[in-house]
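Bear in mind the structure is a predicted one, so any value in this text is a computation, not a measurement. Order of listing sets the numbers, starting from 1, for every ligand and every atom in it.
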Amino acid sequence: MIITIKVSKMSDFKRPDGRKNDELRPMEAKAGIIKRADGSAMFKVGNTVAYAAVYGPRELYPKFLQNPGHGILRCNYNMMPFSGSGERIRPGGNRRSKEISMVTEKALSPVLDLSEYPNAVVDVYIELPQTDAGSRCAGICAASIALADAGLPMKDLVAAISVGNLNGNLVVDLDKEEEDIEGEVADIPIAVVPSTGEITLLQMDGIVLKDELKKALEMGIKSCRKITEIQRKALKDKYKVDAKSEGE
Ligand code: ADP
């Protein structure tokens with residue numbers, strides 16, 4: 001059953017879960033959670049949970065896919081069959097997961113330097129056991145921590161969030177209930193390199209005015225700077241634990 005909620009503009013606008021327009025859902029991140037992977041992380045935003053595991057750099061097969069100039073980043077996004085809000089999701093790739101895998105690669109590549117790894121591939125597997133919108137952004141946040149956890153050369157982390165327009169009200173971090181609101185709704189997932197403000201992912205589903213888009217991007221960049229603090233803390237916490245267990 002699809003429940004649609006009407007939202008009116010401006011003064012009487014309240015988000016369904018009572019958050020302020022620029023308020024993110026509660027977030028949690030952890031690095032180094034999958035021991036056999038070269039790097040791994042969990043990133044949770046509200047009820048959306050993403051796990052990322054990095055394997056590599058390792059030699060890329062078949063060989064015709066290799067690039068002798070530098071290594072290649074390969075991402076694989078997957079929602080688990082029981083992770084959605086309703087029907088079971090058919091396992092395996094589909095058009096949506098292919099698209100999200102591709103934009104995830106493009107969002108992360110600008111910070112990653114694989115020039116020292118010719119003919120190699122770095123595989124990032126992103127699995128979502130639970131989703132409530134914002135899953136591509138949660139996947140990018142988890143993958144970015146996992147790549148850093150793998151010790152790969154990176155200029156910075158990448159943080160991602162969706163910003164949106166709910167009938168003229170600009171909000172950050174839409175949940176599924178908000179994405180399904182009736183009327184003029186725009187969902188704009190963005191990924192940002194926090195140190196430079198460079199936008200490495202910009203998609204849009206819906207309609208937004210030029211000025212609204214500008215404001216929404218500003219809100220998104222600000223949110224990404226907050227998210228990156230959580231990402232950094234996850235990495236620092238992991239090394240604290242590692243150092244402690246080495247000392248024992
Ligand atoms: P994002 O998760 O990045 O916001 P979408 O806008 O495509 O991506 O999807 C919004 C939300 O809709 C997802 O997070 C998920 O909760 C839900 N969803 C997407 N595809 C399916 C599906 N095939 N079955 C059930 N729920 C889905």
Side-chain angles (χ1 to χ4, degrees), residues 1-5 7 15-17 19 21 23-29 41-52 75-108 124-146 158-167 169-192 199-208 213 216-217 219-220 223-224 227 231:
M1 186 176 66
I2 297 172
I3 302 164
T4 50
I5 299 169
V7 166
R15 298 182 76 173
D17 64 358
R19 271 184 292 152
N21 289 16
E23 190 178 339
L24 300 163
R25 289 178 282 179
M27 295 188 179
E28 222 182 289
M42 180 282 295
F43 190 87
K44 183 168 187 264
V45 49
N47 291 320
T48 298
V49 184
Y51 286 84
C75 295
N76 186 70
Y77 163 103
N78 183 50
M79 265 174 74
M80 289 183 177
F82 47 81
S83 64
S85 37
E87 293 298 297
R88 173 178 179 267
I89 295 152
R90 205 150 59 99
N94 53 45
R95 233 165 53 176
R96 178 176 173 274
S97 65
K98 265 193 202 155
E99 173 227 316
I100 299 180
S101 300
M102 184 196 75
V103 298
T104 300
E105 276 164 23
K106 289 188 188 292
L108 294 166
V124 183
Y125 299 102
I126 300 163
E127 295 287 337
L128 292 115
Q130 192 177 295
T131 63
D132 182 16
S135 68
R136 74 196 63 206
C137 295
I140 290 168
C141 291
S144 165
I145 305 170
V158 176
I161 197 72
S162 85
V163 285
N165 172 23
L166 308 178
N167 292 320
N169 305 286
L170 298 179
V171 298
V172 303
D173 189 19
L174 282 76
D175 62 19
K176 185 86 173 83
E177 195 176 346
E178 289 177 319
E179 274 193 5
D180 292 344
I181 279 170
E182 212 177 74
E184 273 182 30
V185 176
D187 168 27
I188 311 163
I190 66 166
V192 174
I199 293 174
T200 61
L201 166 85
L202 178 58
Q203 295 188 286
M204 188 169 79
D205 186 4
I207 299 167
V208 75
L213 177 63
L217 290 180
M219 288 167 82
S223 301
C224 283
I227 295 170
Q231 293 175 299

For Lys176, take its heavy atoms, then give the atoms of ligand 1 lying under 4.0 Å from any of them. 11 (C), 12 (O), 16 (O), 17 (C)
Can any side-chain N or O of Arg19 pair as donor or acceptor with the backbone N or O of Asp173 at less than 3.5 Å? yes
Nearest protein heavy-atom contact for atom 9 (O) of ligand 1: which residue, which atom, what distance? Arg96 NH2, 3.4 Å
Ser97 backbone acceptor or donor facing Ser101 side chain under 3.5 Å: yes
Counting N and O atoms only, with roles assigned by atom type, does the side chain of Ser162 sit under 3.5 Å from a partner on the main chain of Pro189, one being a donor and the other an acceptor? no
Which ligand 1 atoms are under 4.0 Å away from a heavy-atom of Gly134? 1 (P), 2 (O), 3 (O), 4 (O)
Sub-3.5 Å donor-acceptor pair from the side chain of Asp205 to the main-chain atoms of Asp187, do we have one? no
Atom 27 (C) of ligand 1: the protein heavy-atom neighbour that sits closest, reported with distance to 0.1 Å: Met79 CE, 3.7 Å
Which residue and heavy atom of the protein sit nearest atom 15 (C) of ligand 1, plus the separation: Thr131 OG1, 3.2 Å
Scan for salt bridge (Lys or Arg N to Asp or Glu O under 4.0 Å) pairs involving residues 76-95, sequence neighbours excluded, and state none if there are none. none
How would you list, by chain and number, every residue that makes a side chain to side chain contact (heavy atoms under 4.5 Å, CB included) with Lys176, sequence neighbours excluded? Ser85, Asp132, Ala133, Asp180
Please report which non-hydrogen protein atom sits nearest to atom 3 (O) of ligand 1, along with the residue it belongs to and the distance in Å to one decimal place. Arg136 NE, 2.8 Å
Give the residue and atom name of whichever protein heavy atom lies nearest to atom 22 (C) of ligand 1, and the separation in Å to one decimal. Ile89 CG1, 3.8 Å
Atom 10 (C) of ligand 1: the protein heavy-atom neighbour that sits closest, reported with distance to 0.1 Å: Glu179 OE1, 3.1 Å
Is there at least one pair of N or O atoms, one from Ala133 and one from ligand 1, spaced under 3.5 Å apart? yes
CA sep, side-chain torsions, deciding dist, call: Ile181, Leu174, side-chain contact (heavy atoms from CB on, under 4.5 Å): CA-CA 10 Å; Ile181 279 170; Leu174 282 76; over 6 Å; no
Protein contact to atom 2 (O) of ligand 1 [nearest heavy atom, distance to 0.1 Å]: Ser135 OG, 2.5 Å
